[in-house]
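Reading through the structure tokens given below for one structure.
FYI, the numbering just counts along the sequence from 1.
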Amino acid sequence: MDGSSIIDPSLVRLDLEAPDRETALRRTAELLAADPRVGNWEEFWLSIEGRQVVELADTAGSVILAHGRGQSVRELALAAARWSAPDGLRLVFVFAIPAAMSEEYLRKVGALARICREPEKLAALLAAATPAEFARLLDTCLG
């Protein structure tokens, strides 16, 4: 993985199947379980909880953003999935945030929210054919 990238293709799932939002979030977060930037995945997952989940309803598609923060997270990381939700296709993003980080995370989540509100960029993410293409598009946009 490139040290400057917060998302690696191994952290992208383009065919996520889940019966509900909670399962979709957990399965997306589980992509971070083997990532060396997250030391204790269970602790990280417990830090997410419902209050750390935001749905961007005013986007061209439905987007779910979640984050977990804690001492077990060594560096900022991001997992993403395209989920065929019962009520339509959604994008799910889960940030892992070190306890001491604030500004960089806020810049990235703000940029991601803007990306998801721009129809052309959102369409490119929804149309990405491979995890590598999806990760590259995100990295380019999150800069």
Side-chain angles (χ1 to χ4, degrees), residues 1-119 121-126 128 130-143:
M1 181 176 348
D2 177 343
S4 65
S5 175
I6 66 168
I7 189 162
D8 183 85
S10 67
L11 301 175
V12 175
R13 179 110 186 254
L14 299 181
D15 58 352
L16 184 69
E17 292 185 23
D20 53 48
R21 183 180 92 156
E22 181 71 16
T23 305
L25 280 169
R26 183 173 178 96
R27 289 181 181 165
T28 304
E30 285 173 347
L31 295 170
L32 292 161
D35 192 295
R37 296 173 290 185
V38 178
N40 181 327
W41 186 86
E42 287 297 331
E43 180 183 309
F44 164 70
W45 174 247
L46 290 174
S47 74
I48 292 176
E49 301 182 18
R51 70 181 189 282
Q52 308 298 352
V53 179
V54 176
E55 292 202 40
L56 300 178
D58 59 338
T59 61
S62 186
V63 177
I64 300 169
L65 295 173
H67 73 273
R69 176 182 216 127
Q71 297 298 326
S72 67
V73 179
R74 295 178 185 96
E75 293 177 51
L76 183 64
L78 174 63
R82 264 193 327 228
W83 170 38
S84 295
D87 60 347
L89 184 65
R90 294 185 185 200
L91 293 176
V92 181
F93 297 98
V94 177
F95 282 91
I97 310 161
M101 181 178 286
S102 61
E103 287 185 30
E104 184 179 356
Y105 159 70
L106 292 173
R107 279 194 313 275
K108 299 287 187 189
V109 80
L112 183 57
R114 284 188 299 280
I115 290 164
C116 292
R117 287 186 173 98
E118 294 181 30
K121 290 180 180 177
L122 181 61
L125 288 174
L126 291 171
T130 66
E133 180 183 358
F134 192 99
R136 183 186 51 76
L137 286 165
L138 270 181
D139 266 343
T140 299
C141 293
L142 293 177

Is the number of heavy atoms from other residues, nucleotides or ligands under 6.0 Å of Glu17 CD greater than 12?
no
Heavy-atom pair with the smallest gap, counting every atom of Arg90 and Ile64
NH1-CD1, 3.6 Å
Would you give the length of the straight line joining atom CG of Asp8 to atom CG of Leu138, rounded to the nearest 0.5 angstrom?
12.0 Å
Residues Glu22 and Arg26 bridged, charged N to O under 4.0 Å
no
Give a yes or no answer on whether the side chain of Arg37 reaches the backbone of Leu76 with a donor-acceptor pair at less than 3.5 Å.
yes
Could you give the distance from CG (Leu65) to NZ (Lys108), rounded to the nearest 0.5 Å?
14.5 Å
Please identify each residue that fulfils side-chain contact (heavy atoms from CB on, under 4.5 Å) with Ala132, with sequence neighbours left out.
Pro9, Thr130
Just jot down the side-chain contact (heavy atoms from CB on, under 4.5 Å) partners of Ala79, sequence neighbours excluded, or say none.
Leu11, Thr28, Leu31, Leu32
The reported gap from CG in Leu106 to CD1 in Ile97 (rounded to nearest 0.5 angstrom) is 8.0 Å
Heavy-atom nearest pair, Ala80 first then Phe134, reads CB-CE2, 3.6 Å
How are the rings of Tyr105 and Phe95 set to each other: parallel, tilted or perpendicular (split at 30° and 60°)?
perpendicular
Quick one: which of Leu122, Leu125, Leu137 gives a side-chain contact (heavy atoms from CB on, under 4.5 Å) with Ile115?
Leu125
Between Phe44 and Ala29, the two heavy atoms sitting closest are CE2-CB, 4.3 Å
Looking at side-chain heavy atoms only, is the closest gap between Trp45 and Glu30 below 4.5 Å?
no
Side chain proximity check, Arg107 to Glu104, heavy atoms < 4.5 angstrom
yes
Minimum-distance pair of heavy atoms, taken over all atoms of Leu78 and Ile7
O-CG1, 3.4 Å
Beyond-backbone contact of Arg82 with Leu91, side-chain heavy atoms, under 4.5 angstrom:
yes
Looking at CG of Leu112 and NZ of Lys121, how far apart are the two atoms once the value is rounded to the nearest 0.5 Å?
11.5 Å
Heavy-atom closest pair (Ala128 atom, Leu14 atom, distance to 0.1 Å) is O-CD1, 3.7 Å
How close do Gln71 and Ala99 get, heavy atom to heavy atom, and via which atoms?
NE2-CB, 3.2 Å
Check side-chain contact (heavy atoms from CB on, under 4.5 Å) between Asp15 and all other residues, then give those that pass, not counting sequence neighbours.
Arg13
CD (Glu43) with more than 12 external heavy atoms under 6.0 Å
yes
